[in-house]
Protein chains: 2
Amino acid sequence: MTDAKPLRADARRNRDALIAKARELFADGRFDLRFDDFAKLAGVGTGTLYRHFPTREALAEAVYREELAALCDRARELQATLPADEALESFLRGLVAHLHSHEGLARTLATLMATRSGALAEGAQALGEVITDLLTAAVTAGTIRADVGAGAVMMAVQGICAAYDHPTYQADADGVITLVLAGLRRPRADISHAPPA
Amino acid sequence: MTDAKPLRADARRNRDALIAKARELFADGRFDLRFDDFAKLAGVGTGTLYRHFPTREALAEAVYREELAALCDRARELQATLPADEALESFLRGLVAHLHSHEGLARTLATLMATRSGALAEGAQALGEVITDLLTAAVTAGTIRADVGAGAVMMAVQGICAAYDHPTYQADADGVITLVLAGLRRPRADISHAPPA
DNA sequence: TGACAAGTGGAGACTGTCTCCATATTTTGG
DNA sequence: CCAAAATATGGAGACAGTCTCCACTTGTCA
């Protein structure tokens, strides 16, 4: 599914140049560049750009694929080393912090999650799986409620991503995570008010 | 701010025709219609359309203004007749239910909330105020936590709106609201596990 | 090194947005 | 009731992006 074709040398070179230039421009806040001009900037023809990345989203996904993969890896790492609910909390908090300093990723995720096609949303799906796993583990451990699925958490994350440039982004995003986590925390009769470690 | 100019008769007629046709088309799922064709369908010239509604969002906002106002009125009504936290819950649940059967509104709100300009987001702002009021009242009543602001709730709502066409929309949206409400509920030492009345 | 496959690039077709202004309609005041 | 002034109309066409197409270049493989 990931790479079935051994791409010719020059093709790979162009592809990489495209991604590199895109990353650079995105980091600079230039998301809305004309697609044609963008090809020119990367030093390739329009056709080449379109052959490698049929849509703006495809390009964005390629740019952030590694970053997203790293995020997902971290999740699995946390899951392997912490109690389930702490892993979940740590991951979500970290995700939001990361998004705050990587606007491009937030923007891209918002788009990918909203993308109806589904086909190109591979990146978003990976995130979904990771969150599902974290939640499942915590449910199994009995530390969070079982009646709210990962879809709900993803929806909240989508809201966070979509709001990437609100003036009070950071505080609000943290607030959402706080609510989600507190909401998930299973109300146990035997706990009165002790804050989680 | 709302209406400073007493619009000529034919102008008002055209404006209304535009809104009526837009409502009809939106209700039918035709959001993405070519703007020019759309003018033709409403029986006015392109220029007229652009004069009345400079952007797609402006049109969408006009179409849903009443609907949104009704929603806000309901909030105030609830606030006047129910305990603060119940009013909040009732409003949010109702909002999500309404969004579920009015995709166009969800889509529009998602756009308005994401709109950076802010100027045209009047509709979204009204919703924000209503939610702020509901939250403030509940905080004052001491039934919800005070350390998470309305912005966070709005962000969650934005996520719900943005996901209007996900396959599992309803369940996930309900889940988000459940989490938000549970997360807001102030943990009180004197309550063990009694569900709210 | 030749021949075939793979990839390129950029001109230009196409699609939708939006402006402009000569013309038409409404309002106003005498 | 009738100008004149103010207001609004509409649609042709300028414009800005997107994306395709294919004659040509480059890489690969035996």
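Residue numbers start from 1 in every chain, and the chains themselves are labelled A, B, ... in the order their sequence lines are given, proteins ahead of strands.
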Participant: Would you kindly give the CG-to-C1' distance between A:Leu18 and C:dG9, to the nearest whole Å?
Facilitator: 13 Å
Participant: Any Lys/Arg nitrogen of B:Lys21 or B:Glu24 sitting under 4.0 Å from an Asp/Glu carboxylate oxygen of the other?
Facilitator: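 Here B:Lys21 pairs with B:Glu24 in a salt bridge, since their nearest N and O are under 4.0 Å apart.
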Participant: Using a 3.5 Å distance criterion without hydrogens, assess whether the side chain of B:Thr48 forms a donor-acceptor pair with backbone atoms of B:Val44.
Facilitator: no
Participant: Rounding to an integer number of Å, can you tell me how far A:Tyr50 OH sits from C:dA13 P?
Facilitator: 17 Å
Participant: Reading DNA chain D in the 5' to 3' direction, which nucleotide is the first one with an atom under 4.0 Å from a heavy atom of chain B, and which is the last?
Facilitator: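 The footprint of chain B covers D:dA6 to D:dG11.
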Participant: Determine yes or no for a side-chain-to-main-chain donor-acceptor pair under 3.5 angstrom, with A:Arg23 supplying the side chain and A:Val63 the backbone.
Facilitator: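 Indeed, once roles are kept as given, a pair shorter than 3.5 Å links the two residues.
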Participant: Atom pairs under 3.5 Å, N or O on each side, protein against nucleotides 27-30 of chain C: can you list them with distances?
Facilitator:
none

Participant: Any chance you could measure A:Arg13, atom CZ, to A:Arg8, atom CZ, to the nearest 0.5 Å?
Facilitator: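 Reported value, rounded in 0.5 Å steps: 9.5 Å.
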Participant: Side chains of B:Thr108 and B:Arg65 only: does a donor on one sit below 3.5 Å from an acceptor on the other?
Facilitator: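 No.
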Participant: So does A:Ala138 get a backbone contact from the side chain of A:Thr143, meaning a donor-acceptor N/O pair under 3.5 Å?
Facilitator: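 The answer is yes, because a donor-acceptor pair under 3.5 Å joins these two groups.
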Participant: For the residue pair B:Leu68 and B:Leu109, establish whether any side-chain heavy-atom pair is separated by less than 4.5 Å.
Facilitator: yes
Participant: Heavy atoms within less than 4.0 Å of DNA chain C: which residues of residues 34-45 of chain B have one? Give them sorted by number.
Facilitator: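 The stretch gives B:Arg34, B:Phe35, B:Asp36 as the residues lying under 4.0 Å from the strand, ordered by number.
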Participant: Would you work out how much the helix from C:dT1-D:dA30 to C:dG30-D:dC1 bends between its ends, with each end axis defined by five base pairs, to 10 degrees?
Facilitator: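 Terminal axis comparison yields 10°.
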Participant: Measure the spacing between CZ of A:Arg76 and OG1 of A:Thr81 and express it to the nearest 0.5 Å.
Facilitator: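 Going from CZ on A:Arg76 over to OG1 on A:Thr81, the span is 13.5 Å.
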Participant: Considering residues at least two apart in sequence or located in another chain, which fulfil the ring-ring contact (aromatic ring centres under 6.0 Å, His included) criterion with A:Tyr169?
Facilitator: A:His100
Participant: Do the side-chain N or O atoms of A:Thr46 get closer than 4.0 angstrom to the phosphate oxygens (OP1, OP2) of C:dG9?
Facilitator: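 No, A:Thr46 has no side-chain N/O under 4.0 Å of OP1/OP2 on C:dG9.
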Participant: Round to the nearest Å and state the distance from A:His52 atom NE2 to C:dT8 atom C1'.
Facilitator: 9 Å
Participant: Within the pair A:Arg13 and C:dG7, is there a side-chain N or O less than 4.0 Å away from OP1 or OP2?
Facilitator: no
Participant: Can you find a pair of side-chain heavy atoms, one from B:Leu18 and one from B:Phe53, that are under 4.5 Å apart?
Facilitator: yes
Participant: From A:Ile131 CD1 over to A:Thr136 OG1, what is the distance, rounded to the nearest 0.5 angstrom?
Facilitator: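 The CD1 atom of A:Ile131 sits 11.5 Å away from the OG1 atom of A:Thr136.
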Participant: Measure from CZ on A:Arg12 to C1' on C:dT8 and round the result to the nearest Å.
Facilitator: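 So the two atoms are 17 Å apart, to the nearest Å.
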Participant: Could you check whether any side-chain N or O of A:Thr55 sits under 3.5 Å from a backbone N or O of A:Ala58, counting only pairs where one atom can act as donor and the other as acceptor?
Facilitator: yes
Participant: Checking all strands, does A:Arg56 fall into the base, sugar-phosphate, or nothing category for heavy-atom contacts under 4.0 angstrom?
Facilitator: sugar-phosphate
Participant: Using the test salt bridge (charged side-chain N to carboxylate O under 4.0 Å, His left out), find all partners of B:Arg56 that sit at least two apart in sequence or belong to another chain.
Facilitator: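 Not a single residue meets the salt bridge (charged side-chain N to carboxylate O under 4.0 Å, His left out) criterion with B:Arg56.
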